[in-house]
A.B. asks: 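Below are the structure tokens for one structure; questions will follow.
Position 1 is the first residue of the sequence, and the numbers go up from there.
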Amino acid sequence: KAAAAAQKKAEADRKAAAQKAEANRKAGSAIQVTTPAKKLRTVSEKKRDEKTELLKISIFVDTGKVLAIASLGVAASALVMTALAFIAS
């Protein structure tokens, strides 16, 4: 009995599919093949793809440190020059 019921169900399914295909053919619509969905991209991937600049460099300079290093250099060079002047004389 189960085999007969399975056959009847399969036949009914085929008949329904044939009727649906016939209806689509009469309506003139083409059967669309579904393509696999595209992989969802993250926000960072979208930004990376939309980026137009090649390179962006940000430099933060602490002016106090720069002034301290420059003044040390000037003082050291003055000290070296005076030492050379005493040696040469």
Side-chain angles (χ1 to χ4, degrees):
K1 287 183 179 182
Q7 279 183 338
K8 285 183 182 180
K9 184 175 182 346
E11 190 176 324
D13 287 344
R14 275 186 256 134
K15 193 174 189 181
Q19 287 175 350
K20 186 175 181 181
E22 184 66 30
N24 281 343
R25 210 173 308 125
K26 284 183 181 178
S29 64
I31 297 174
Q32 295 180 351
V33 177
T34 58
T35 57
K38 289 185 178 180
K39 180 184 171 190
L40 296 177
R41 298 186 322 174
T42 62
V43 175
S44 60
E45 288 174 336
K46 289 177 185 176
K47 284 183 181 178
R48 189 181 324 125
D49 292 341
E50 294 170 0
K51 186 168 67 168
T52 57
E53 60 192 25
L54 293 177
L55 180 64
K56 182 178 181 180
I57 299 174
S58 298
I59 299 175
F60 298 98
V61 179
D62 186 8
T63 53
K65 287 182 181 178
V66 171
L67 275 173
I69 292 171
S71 63
L72 283 173
V74 168
S77 66
L79 196 98
V80 168
M81 292 305 282
T82 54
L84 285 175
F86 277 121
I87 292 173
S89 64

A.B. asks: Rounded at 0.5 Å granularity, tell me how far CD in Glu11 sits from CD in Gln7.
C.D. replies: 8.5 Å
A.B. asks: Using a 3.5 Å cut-off and no angle test, enumerate the donor-acceptor pairs between side-chain atoms of residues 75-89 and protein atoms at least two apart in sequence or in another chain.
C.D. replies:
residue	atom	partner	partner atom	Å
Ser77	OG	Gly73	O	3.3
Ser77	OG	Val74	O	2.8
Thr82	OG1	Ala78	O	3.2
Thr82	OG1	Leu79	O	2.8
Ser89	OG	Ala85	O	3.2
Ser89	OG	Phe86	O	3.1

A.B. asks: Would you please name every residue forming a salt bridge (charged side-chain N to carboxylate O under 4.0 Å, His left out) with Asp13, sequence neighbours left out?
C.D. replies: Lys9
A.B. asks: Is there a path of hydrophobic side-chain contacts, each under 4.5 Å between heavy atoms of I/L/V/M/F/W/Y residues, joining Val66 to Ile59?
C.D. replies: yes
A.B. asks: Name all residues meeting the side chain to side chain donor-acceptor pair (under 3.5 Å) criterion together with Thr63; count only those two or more places apart in sequence or in a different chain, and write none if there are none.
C.D. replies: none
